[in-house]
**Student:** 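Provided herewith is a single structure, encoded as structure tokens, for subsequent inquiry.
Just the heavy atoms: all of them, side chains too, but no hydrogens, waters or symmetry mates, feed the values below.
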Amino acid sequence: MNVTTLLDDEDAYGPAMRAAHAELLTSPGVHEFLAHCTGQDKVRATKRWRKQAAALLADSVRGPEAVRVLLEGMARQAEHTVRSPQWGGGEWPGIASEHNTVLVRGLLWAAADIDADWSVRAVADVALNAGTGWGGSGGVCRNGKMATAAVAVLGEFGGPQGEQAVERLDRLRRTIRNRTVVKGIAASLQAVAERGGLTPSILRERAVPAVGLDARGMREEQLGDHTALLSVAAPGTVTLAFRGPQGRVLKSAPKPVREAYGDRLAEIRGAVKQLRVLLTAERARLEEHLMAGTCRPVRDWESYYIDHPVTGALASTLIWEVSPDGGARWTAGLPERAAGGWALAGADGTAVPVTEGALLRLWHPVRADTEEVGAWRTELADRELRQPFKQAFREVYPLTPAEETTRNYSNRFAGHILRYGQARALMVERGWAGNHLGYHSDGYAAEMVRELPRAGELPVTEGEFWRARFQVELVEARDDGGIATLCSTDQVRFERRRGARGPWERTDLTDVPVLTLSEAMRDVDLFVGVASIGADPQWQDRGEDRAFGDYWRGWAFGDLTETARMRRESLAALLPRTRIADRVELTDRFLRVRGELRTYKIHLGSGNILMEPDDAYLCIVVDRGAVAAAGDTDRLFLPFEEDGGLLSVILSKAFLLADDARITDRTIASQLRRAA
């Protein structure tokens, strides 16, 4: 069996690897090992196969190197045309032929028994490339067989490698949407957890690396006369600076450091990148705990959350609840250092100590009354404390009378027209999966499904599981390939499963836990608010392609959704602190802005603008450069990371229009002249 037979020509991967590593692939023992890998045609390798692979690697000095370079090559492999001799030479887009897929599966399982610092990374990178869809997203895998094998291998690592594998599996869980691969990720996390006697959620929290940061969230590296200062600060900002011998701090590496310490500088910059990725994952994990109502004992809360140099940068800005009596009574507060430990400082100025034996969970506004929620929003604004995601300003969605009538489905968000590509990308980002819409046999309707987060202390096999189903239908698609461009929204339903292997059953909305219902509806409201054609200020200018004009006008200037009402509350707290406070006022649906030339009404749901007194429409597509000339809103404090960014857009438009006499943009100025 020659090298061409081992790595065939039916894809771009085989020829590329042979050209780049010809001498390695023909070195003693490597050929025999690769031939063994071509026999691994199953998702999981048997103990006998792995034992033979380990023996062949032991007899080959460069065998582990071959595993590494071939896996790294597959992790970088771009989409290309793959041929199939078995199908009469047909071609399709992919990253590997059938034969080379089998070979890589063997390499993946061989890597499971190689104790090297690259093993977990290489396997995880292959899983990411193979498990994501075209362009790196979506639910269609580039190579499902390869992805399922890779995530299964990650579940086999133990010890320090096992901790790395858990971190990588958690990242993959937030990125890959193919249901088969997602199930494989869950199974691997469960396998690693069971070996350690833990639940997957607890395992993930214990696998978060510190990346060399000390208790202050800092890492100092001496580089000659300079010191590299790597730090993480609330609410999750990573900075790298360099302190010189005289104490002067520079934002970039000085020339002596770049010339003499290039390798170490590259490693430090790699840590910056790792921290940013890690903080994104931790932000999502904390939000899942908020959605699930997860409770943690004090010791775990201190070790893995508030005192952790990475997670703590996020957790310290969030409102927590403490219960000293096992969950009977809860008191909310922001974490602050106290004598001998921690306390939670309330919005009223009081503080409750976090004592041994207490439970802690993230505070959620759905469990609080209006007065308490308002107090926390004022407190955050007064402190100028920015949270990593909406918590105090989070929208809540209690059951409505109409939903009590329909019983097992909700029409609250039905009948909207969404830009499909934008909507689907947001759905995937929030963890919803389903078929693509388009002109194909099953593409005229789809259900996007999300399994809602569960409390982290529950074993994966126990308790109730909940998932939401959101129906969407094809409205418009492109002629070239039938890819959907517009979709309409329909019902939201909920299903419950008792235990990990029970059947999913449709459930009345009155039986859905309040937190579960609210969080699922919040997602759907986000999809509508961001992707509705009503939020497109240029929709009216589409000419012959314009449609749904009545819907556009109704949504663009109609009643506010819950998200828009929350935006109104946020503006009520923020506007008095701005330099345009005397030129703006909030009405029921609009931010009214008094300029020098006209008075404007910015709709709080869509960001669209009407001009008084005749409600003439003003189209402004926000240009950050143009807005900066009128007022830099980037420096305006916002108490949370935005979903969709419409609050910033509305503020940008308000700053621009308050000084309308200085607008130089020709498109905007011409509209103002016509309306005058």
**Student:** If the condition is side chain to side chain contact (heavy atoms under 4.5 Å, CB included), which residues does His603 pass it with, not counting sequence neighbours?
**Tutor:** Phe557, Leu560, Arg589, Phe590, Ser606
**Student:** Any luck finding a side-chain donor-acceptor pair between Ser323 and Asp325 under 3.5 Å?
**Tutor:** yes
**Student:** Ring of Tyr397, cation from Arg522 - is the NZ or CZ under 6.0 Å from the centre and inside 45° of the axis?
**Tutor:** no
**Student:** Considering residues at least two apart in sequence or located in another chain, which fulfil the ring pair (Phe, Tyr, Trp, His ring centres under 6.0 Å) criterion with Trp109?
**Tutor:** none
**Student:** Enumerate the ring-ring contact (aromatic ring centres under 6.0 Å, His included) contacts for residues 506-533, please, sequence neighbours excluded, ordered by first and then second residue.
**Tutor:** Trp432-Phe527
**Student:** Of all residues at least two apart in sequence or in a different chain, which pass the side chain to side chain donor-acceptor pair (under 3.5 Å) check with Gln274?
**Tutor:** none
**Student:** I'd like to check the side chain to side chain contact (heavy atoms under 4.5 Å, CB included) partners of Thr317; sequence neighbours left out, ordered by chain and number.
**Tutor:** Ala234, Pro235, Leu385, Pro388
**Student:** Quick one: side chain to side chain donor-acceptor pair (under 3.5 Å) partners of Arg174, sequence neighbours excluded?
**Tutor:** Asp170, Glu288
**Student:** Can you sort out the partners of His364 under ring pair (Phe, Tyr, Trp, His ring centres under 6.0 Å), two or more places apart, ordered by chain and number?
**Tutor:** none
**Student:** Which residues pass the side chain to side chain contact (heavy atoms under 4.5 Å, CB included) test with Ser188, not counting sequence neighbours?
**Tutor:** Leu169
**Student:** Do the rings of Trp320 and Tyr305 sit parallel, tilted or perpendicular, given the 30° and 60° boundaries?
**Tutor:** perpendicular
**Student:** Can you sort out the partners of Phe393 under ring pair (Phe, Tyr, Trp, His ring centres under 6.0 Å), two or more places apart, ordered by chain and number?
**Tutor:** Phe640
**Student:** Could you go step by step and tell me if Leu344 and Thr331 meet the side chain to side chain contact (heavy atoms under 4.5 Å, CB included) rule?
**Tutor:** CA-CA 8 Å; Leu344 297 184; Thr331 305; over 6 Å; no
**Student:** Among all residues two or more places apart in sequence or in another chain, which pass the side chain to side chain contact (heavy atoms under 4.5 Å, CB included) test with Arg206?
**Tutor:** Leu198, Ile202, Asp300, Tyr304
**Student:** Sequence neighbours excluded, which residues qualify as ring pair (Phe, Tyr, Trp, His ring centres under 6.0 Å) partners of Trp466?
**Tutor:** none
**Student:** Residues two or more places apart in sequence or in another chain: which of them pass side chain to side chain donor-acceptor pair (under 3.5 Å) with Ser532?
**Tutor:** Tyr551
